[in-house]
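Below: one structure, written as structure tokens.
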Amino acid sequence: MYILATPQASNFVSGVDRAFLLILGICFVFLIGLTLTMIWFIYRYNRKRHPQAVQIKGSNTLEIVWTVIPTILVLVMFYFGWAGWKPMKTAPEDSFEIDVIARMWNFTFEYENGKKTDTLFIPMDRPVKLNLKSLDVIHSVYIPAFRVKEDVVPGNDKFMWFIPEKEGIYELFCTEYCGLQHAYMYNWVKTMPQDEFNKWYTDTTVRAAAPVDSPAAAGKRIMTNIGCFACHTIDGNKLVGPTFKGLYGHEVVLKVGGETKTVVADEEYIIKSILDPNSEIVEGYNKGLMQSYQGQLSDTEIDQIIEYLKTLK
Amino acid sequence: MQHEKTHIVPYRTYLIILVALLIFTLLSVKITAIELGGLTVAAALIFASLKSYLVLTYFMHLKFDKIYIRIMVGFVFAVFLAVIIITFLDYYFR
Amino acid sequence: MQASSHIPHDVSYLDYKGKHKGLLAWILSTDHKRIALLYMFSMMTLFLVGVLLGLAMKLELIAPGKTIMGAQDYNAVFTVHGVIMIFMIVVPGLPAVFGNFLLPIMIGAKDVAFPKLNLFSWYVYIAGAILVIISVLFGDGSPDTGWTFYAPYSFKTGTNMLPAIFGAFVLGFSSILTGLNFIVTIHRLRAPGMSWTKMPLFPWTIYGTAWIQLLATPVVGITLVLVSLERIFGIGVFDPALGGDPILYQHLFWIYSHPAVYIMILPAMGAISEVIPTFSQKHIFGYKAIVASTLAIAFVGYFVWGHHMFTSGMSGTAQYTFSILTFLVAIPSAIKVFNWISTMYKGSISLETPFYWAASFIFVFMIGGLSGLVLGALATDVYVHDTAFVVAHFHFIVFGGVGFAFFAAIHYWFPKMFGRMYDTTWANVGWIVFFIGFLALYSPMFYLGLQGMPRRYYDYLEQFHAANILSTLGSWVMTFGLAIVLINLFRSAKSGPIAGANPWNGKTLEWTVPSPPPVENFEEIPVYGEKDGPYEY
Amino acid sequence: MSQVIHHDEHYDAEGSKIGMWLFIFTELLLFGGLFIIYSVYRFSNQDAFHLAAEELNRTVGTINTIILLVSSMTIAMSTSALQKKQKKTTLALLGVTLLLGLVFLVNKYFEWGTKFEHGIFPGSQYMLDHLSQGEILFFGLYFVMTGLHALHIIVGMVVIGFAYAGVRSGRVNADRAALLENSGLYWHLVDLIWIFLFPLFYLIH
Ligand code: HEA
Ligand code: HEA
Ligand code: CUA
Ligand SMILES: [Cu+2]
């Protein structure tokens, strides 16, 4: 049944869609039935046709009937809702595990062999388990085609799982409001047949792709991929964080534990800003928004970023 | 209805209640000083409930008030208790 | 208790000249009817702001990409829209306006139990509103957390949150005081002979609502205080970095905010329960069942908050307990709907404007409520949680429910409040335009939600475009309808034809006093006999 | 004829008593929210809470409990005294209550003071560096809950102050005792909350 206009691509689809069908079905019956009854009464007992009302104060039988029947119906609805949801709670032991790192405002997917991507590549027809970690605020992973959704809560590691059943490319949204770029926090899920997936998974050349002519250009690419521009601009505008325009080599006013101090933004400072952003806060900005990129960026990558920042005069 | 007879509680009653409250307080201090494990919390809370019962009924005059005020108080405590229990359905089973 | 007074009984509350003149005569008056109008006009003003923000959002969403504002502004707009609409309009809405105006009259009292406290609540309300406005206009940007203020974002964002949070706290305080006042009024000031089972249904719903206001609001109050302390000192209660649990914040927030949705809807249901018998000229069907369902909603509604958190990572036990409780709380609403429709059976229905609003209320309320069932079931909620489907659900039920009931009520009691009649033709035209616009505006959101469009999205993918266009067009039609309705009411309040004391042949007590009512409502406090009752036609 | 408004100040003792009770309910739930938080965190940080509670001084806590209990009795007695038309005794009892409230606050002041000296206060660097997360939570709650309670003591004292003035001027008398009774109710509420705060913070090691 095509109740939902989204593709049906996981093992949960049948349970969820059955619940939808049943609940929506009952709802429509009641909605249409009651509305028609009401319209009929309004027509039939209009003052013109029925000038004298008949006083009826109530009926215990009816009250019982229309308490009991809806109660039974809602219990049925509850059951189907429960039945469709129950399997989502326990992932099979042999699941293929992937870490999902959510931060403002992107997801990174980390595979056991160290691969990192911003699109979720998954093999078909085997259980996939996503371990959800958030570095800052609450996010939520939502893949409509799989009928799954789970919040990513900082300090509270959770998971979600599913068996992809159809090849294709699907959306993955962040559905928990998480600030400025919440609406842009979506990625793609690509399901592939097992052998194709294996090929992709074992291919380590992908990450070193695209030959880059200068370190600065490499820096820019890295920053785009890892999502720095969600918070920083290069055109002088203030977003969540300070702009990078003219940052390098200029003075910055910092707040450290209630005191202000002025430093020059040199390489050391920028490295510190990236790896330990919350120890010193730029005046006028908030603590806790930018998270450390320790372990996510290699030293060469940081050097390349600095080279790029130097070009932003 | 203006001049319903108001019940005047004798000073003695209040004194007795105070003594009872003090005894409970000291008891709860003593009993929690012993190592009872999980029971410590229970013991402390039981004494606190006893004390609050005394304060409510005597100091706050519930004993002499109309029944519906007592029902309301009971109702509020029950609602609060239910809320705690339901919250713990989450934390206890996590 | 009802000592004779020195106020003449032929002067209406509108014309009465007391110690003060002009505006002062209003903002210093402790007359419940004047306070009701104070609330009404302050709410209207705020409401128009909220509507404009709503329209701005819809305009932004007419096409993907940037249309009229940036993402930061959009986030601020839906936050302020939500805060205004929830905390300033629909939570206090019907109780503060119609509860204040009519509760004392309907139970045969001269005023509420604590008139000064009543006026004070209004000032508190205004103070809260001003605080929120301050947070919007000053500081480093308007609040951008959504009306739910979820931790930890709400203490990480750099925007001006403190006044907004404090404003919501103050508004809650006003709500508590109003509730307290109403409960005491109902307990102490019912006319002699008016036993609990002879009290009209609107006061009954006010009673249920007042209890929720009293018992739920403090919880959100303390939660908001904690968020502020978190922002100022970093005490750690909700901060995962310090060991706090952000999900606990959600528990506490919804412990209030779910019952709050019943604060909104109960008085609306009460108003509908008055309108339908009057225009059917028939005794309400199942009086006792309706009363019982009111109390059941108020009571059970306290224990279902977790259905807003099905994907937050609660334990499975909590999830299905909340799901089942959610379904149980739907039953009393169903009972009400059945009784309303049965009241029409063999009635003698006159199709006046309030009845149109009431009938369309039942329709949109059913849609909103039935979509609530989709949200209450686990499997389906996991899919539609935080999508446009939820937005559609609550606009249908909050705004469809409360808004339609508000308009039913204002047309119904308009002659009583202002002593004049509105223009029926324009009122009906306004209704139909509004109704059509409403359906066009919010129905597409159900579809969008089923397609998987998340809420609070400033921008969206191309596949969501068509439905969004329809929705935006709907918002224009509806606003047009709203304008007709409001302008008609304003004009009629000034210059409509004079209305009699009882234009609809209603049987509740407010129709026994002149329109507009005199300052102290009753010359002589009415006495209910054995045979008297609110719906004896 | 002058239309001077004259809302005949109808006096309804029972009405204002219900009003006061309803207000007490909201206060109970206000603290109720905090008790929920406390119990959840206690549940998930058992050991840290035990450890942190060692920091608190039982003796001071016990003394403060006794002070509040006694003051609760004196204000309860003052109502009886008023009904017996013993104005002097009433005033004396109220005076004692106020005094005890003050002593409570002074104790609290010194108690908090020593914590601050040890570097324990909300948001302190010391706590971040030396205490575990559970302990930080404990002290966060400790300051919020006892702080809010102290605030209620202050409000209660102001209300009692009004009652005192009323009794003195005779506006509050045996026939119109509502103000006194209500301030008493409020004071007992403050006591009631302390009855639970005390074991939860000081006793459960
Ligand atoms: C006036 C306000 C109001 C009311 C009355 C309701 C009523 C109900 N609500 Fe709604 N709700 C909101 C306002 C309201 N809601 C708001 C504002 C939100 C979003 C908050 C946010 O996240 O920002 C929300 C969100 C919300 C959610 C969370 C969704 C999510 O975020 O994932 C859920 C889940 O269970 C829910 C369920 C229900 C149910 C079951 C009812 C029931 O009470 C409905 C009962 C009514 C009926 C059932 C219809 C009438 C009966 C019949 C026609 C007879 C036939 C009936 C049967 C067979 C049972 N609501
Ligand atoms: C009462 C509640 C109420 C009302 C009336 C409205 C009115 C409107 N709302 Fe909304 N809305 C909310 C409550 C309400 N809203 C809430 C709580 C949210 C969630 C915020 C969040 O995510 O944090 C939201 C979010 C929300 C969104 C989703 C944002 C997103 O997720 O991206 C959108 C999108 O278009 C929207 C649109 C509109 C429009 C176009 C109108 C209006 O233009 C419609 C115009 C209104 C009328 C024509 C008249 C209605 C009359 C009455 C209610 C009675 C008046 C009473 C008195 C004057 C006393 N609203
Ligand atoms: Cu991340 Cu929304
Ligand atoms: Cu809810």
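Chain naming here is simple, since letters A, B, ... match the order of the sequence lines and numbering starts at 1 in each. Side chains included, hydrogens not; waters and symmetry mates left out as well; all remaining heavy atoms used.
- Heavy-atom distances place the backbone of C:Ile284, and not its side chain, under 4.5 Å from chain A.
- In this structure, C:Phe310 and C:His307 have perpendicular ring planes: the angle between them is above 60°, well past the 30° mark.
- Outside the 6.0 Å centre-distance limit, the rings of C:Tyr74 and C:Tyr457 are not counted as a close aromatic pair.
- Using a 4.5 Å cut-off between heavy atoms, C:Thr387 contacts chain A through its side chain alone, with no backbone atom that close.
- Neither the backbone nor the side chain of A:Ile143 comes within contact range of chain C; no heavy atom of the residue lies under 4.5 Å from a heavy atom of that chain.
- Less than 6.0 angstrom separates the ring centroid of A:Tyr45 from the ring centroid of C:Tyr345.
- Note: C:Ile362 CD1 to C:Ile367 CD1 = 12.5 Å, rounded to the nearest 0.5 Å.
- The closest side-chain donor-acceptor pair between A:Thr243 and A:Thr233 falls under 3.5 angstrom.
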side-chain contact (heavy atoms from CB on, under 4.5 Å) assessment of A:Leu172 paired with A:Val141: CA-CA 7 Å; A:Leu172 179 154; A:Val141 173; 4.0 Å; yes
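- Contact of C:Pro246 with chain A is made through the side chain alone, with heavy-atom distances under 4.5 Å.
- Only the side chain of A:Ile23 comes within less than 4.5 Å of a heavy atom in chain C; its backbone stays farther off.
- For C:Asn339, the parts lying under 4.5 angstrom from a heavy atom of chain A are both the backbone and the side chain.
- In this structure, C:Asp386 does not pair ionically with A:Lys149, as no charged nitrogen and carboxylate oxygen lie closer than 4.0 Å.
- Proximity to chain A (any heavy atom under 4.5 Å) is shown, for C:Phe285, by both the backbone and the side chain.
- Using cut-offs of 30° and 60° for the angle between ring planes, the C:Phe464 and A:Phe173 rings count as tilted.
- Most heavy-atom pairs under 4.5 Å with chain A, from the set C:Gly244, C:Pro454, C:Ala377: that is C:Pro454.
- Looking at C:Phe78, the atoms closer than 4.5 Å to chain A (heavy atoms on both sides) all sit in the side chain, from C-beta outward.
- Proximity to chain A (any heavy atom under 4.5 Å) is restricted, for C:Ala151, to the backbone atoms N, CA, C and O.
- For C:Ile331, the part lying under 4.5 angstrom from a heavy atom of chain A is the side chain only.
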